[in-house]
Amino acid sequence: EGANIEDLKVFNLEPQKYFAFIGRLVAHKRAHDLVEAWKLANEMRPQLFENYKIAIIGDSAHTKDYVKILKDLAKHDKRVVFTGFQHGPQLASLVKNAKAVVNPSESERLSIASLEAMAARTPLIVADIPENLEIAEGQAKIFARRKPQELAEALIWSLEKESEARELANKAYEFVRGTHSMQGMT
């Protein structure tokens with residue numbers, strides 16, 4: 001399956017104890033919404049999130065200014081982990097072991113990161129853009145794009161309603177297995 005716990009230890013992550021953002025660190029992917037939502041969720045339910053982290057998996061795409069803003073936004077929370085660009089077995093491990101993969105993007109084509117999460121049976125939380133709805137509606141937790149408050153509520157939901165999140169992840173796996181080649185995926 002490619003899910004190696006050793007790949008997590010490099011980033012001080014534990015299985016099922018982090019939410020993952022996967023993508024280029026550019027403004028329209030809205031990783032900053034996840035960081036804002038993380039802060040809100042922790043304010044709303046601090047005990048629920050005390051043992052969790054978020055992993056920002058990706059790197060700059062000629063967007064050093066945005067990456068600086070993102071890191072500044074997260075600098076007071078040691079539970080926000082920046083892994084840099086990851087691929088292959090390391091990325092597969094990070095996807096497979098995440099509590100959920102979060103895709104807050106406001107502009108996307110077909111999200112490979114979302115498909116990889118679906119193929120790994122990892123719960124998926126996505127913004128309500130048409131491209132996400134096309135592959136994830138009924139198989140992921142959907143929130144209104146550009147709304148960190150709604151994303152915070154989705155993060156809370158994923159922990160409080162874990163069995164529902166797992167059920168959606170299983171549906172997503174069946175969907176992606178039936179509609180996309182999984183060769184080379186997680």
Side-chain angles (χ1 to χ4, degrees), residues 1-35 37-38 52-71 73-74 77-127 129 131-132 134-136 139-141 151 155 158 165 169-170 172-186:
E1 294 266 328
N4 184 345
I5 306 300
E6 294 302 313
D7 293 326
L8 306 181
K9 290 182 180 175
V10 174
F11 304 109
N12 201 21
L13 296 170
E14 296 177 39
Q16 301 299 305
K17 292 293 185 181
Y18 63 94
F19 296 89
F21 166 92
I22 305 161
R24 294 173 296 126
L25 301 185
V26 296
H28 74 269
K29 298 286 187 182
R30 303 197 66 84
H32 58 282
D33 282 353
L34 176 55
V35 176
W38 176 249
Y52 288 87
K53 297 180 179 185
I54 58 175
I56 307 290
I57 303 165
D59 216 339
S60 171
H62 309 292
T63 53
K64 288 190 180 4
D65 290 344
Y66 176 71
V67 173
K68 183 183 179 337
I69 290 167
L70 188 59
K71 287 186 175 181
L73 194 60
D77 190 340
K78 299 289 184 239
R79 295 172 304 148
V80 178
V81 177
F82 290 85
T83 70
F85 175 74
Q86 301 295 314
H87 62 93
Q90 294 80 15
L91 178 60
S93 293
L94 289 164
V95 170
K96 183 78 174 165
N97 288 294
K99 187 61 149 178
V101 169
V102 181
N103 179 350
S105 182
E106 68 180 337
S107 176
E108 195 75 64
R109 288 199 176 99
L110 178 63
S111 171
I112 300 302
S114 292
L115 290 174
E116 287 182 336
M118 294 166 82
R121 292 184 195 228
T122 300
L124 187 57
I125 300 171
V126 298
I129 61 172
E131 297 83 357
N132 285 342
E134 185 178 324
I135 62 166
Q139 296 149 160
K141 183 67 171 171
L151 177 49
L155 294 173
S158 72
N170 286 329
Y173 172 79
E174 293 303 327
F175 170 80
V176 79
R177 198 178 83 169
T179 59
H180 293 80
S181 167
M182 292 177 21
Q183 187 172 5
M185 290 184 132
T186 314

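Two residues are said to be in side-chain contact when any heavy atoms from C-beta on lie closer than 4.5 Å; Leu94 and Asp7 fail this criterion. Under the 4.5 Å side-chain criterion, counting only non-hydrogen atoms from C-beta, Gln90 is not in contact with Thr83. At a threshold of 4.5 Å between non-hydrogen side-chain atoms, the residues Leu110 and Glu131 do not count as touching. You'll find the side chain of Asn4 stays beyond 4.5 Å of the side chain of Pro89, heavy atoms only. Side-chain contact between Leu13 and Asn97 is absent, with no heavy-atom pair separated by less than 4.5 Å. Side-chain atoms of Phe82 and Val67, non-hydrogen and from C-beta on, never get closer than 4.5 Å to each other.
Under the salt bridge (charged side-chain N to carboxylate O under 4.0 Å, His left out) criterion, Glu106 pairs with Arg30, Arg146, sequence neighbours left out. Not a single side chain to side chain contact (heavy atoms under 4.5 Å, CB included) links Ile69 to another residue, sequence neighbours left out. Judged as a salt bridge (charged side-chain N to carboxylate O under 4.0 Å, His left out), and not counting sequence neighbours, the contacts of Glu108 are Lys29. Listed by chain and number, the residues in a side chain to side chain donor-acceptor pair (under 3.5 Å) with Glu134 amount to none (sequence neighbours excluded). Under the salt bridge (charged side-chain N to carboxylate O under 4.0 Å, His left out) criterion, Lys68 pairs with Asp72, not counting sequence neighbours. Residues forming a side chain to side chain contact (heavy atoms under 4.5 Å, CB included) with Lys9 (at least two apart in sequence, or on another chain): Ile5, Glu6. Under the side chain to side chain donor-acceptor pair (under 3.5 Å) criterion, Tyr52 pairs with no residue at all, not counting sequence neighbours. In this view, Lys99 and Glu162 satisfy the salt bridge (charged side-chain N to carboxylate O under 4.0 Å, His left out) rule, not counting sequence neighbours. Applying the side chain to side chain donor-acceptor pair (under 3.5 Å) rule to Asp77 yields the partners Trp38, Arg79; only residues at least two apart in sequence or on another chain are considered. The side chain to side chain donor-acceptor pair (under 3.5 Å) check on Thr122 picks up nothing, with sequence neighbours excluded.
The salt bridge (Lys or Arg N to Asp or Glu O under 4.0 Å) contacts involving residues 52-65 comprise nothing, where partners must be two or more places apart or lie in separate chains. Among residues at least two apart or in separate chains, side chain to side chain donor-acceptor pair (under 3.5 Å) pairs with a member in residues 12-27 are Gln16-Arg166.
Residues Lys96 and Ala120 share a closest heavy-atom pair of NZ-O, 3.1 Å. Between Val102 and Leu34, the closest heavy-atom pair is CG1-CD1, 4.1 Å. Closest of all the heavy-atom pairs between Gly58 and Leu25 is O-CD1, 3.8 Å. Considering every non-hydrogen atom in both Val95 and Glu116, the closest pair reads CG1-O, 3.8 Å. Closest approach of Met118 and Leu124 over heavy atoms only: CG-CD2, 3.8 Å. When all heavy atoms of Ile135 and Ser111 are compared, the closest pair comes out as CD1-O, 4.4 Å.
Considering CG of Asn103 and CG of Leu115, their distance stands at 10.0 Å, rounded to 0.5 Å. In this structure, CD1 on Ile22 lies 13.0 Å from OG on Ser105, to the nearest 0.5 angstrom.
Of the possible donor and acceptor atoms, one in the side chain of Ser158 sits under 3.5 Å from a partner among the backbone N and O of Leu155.
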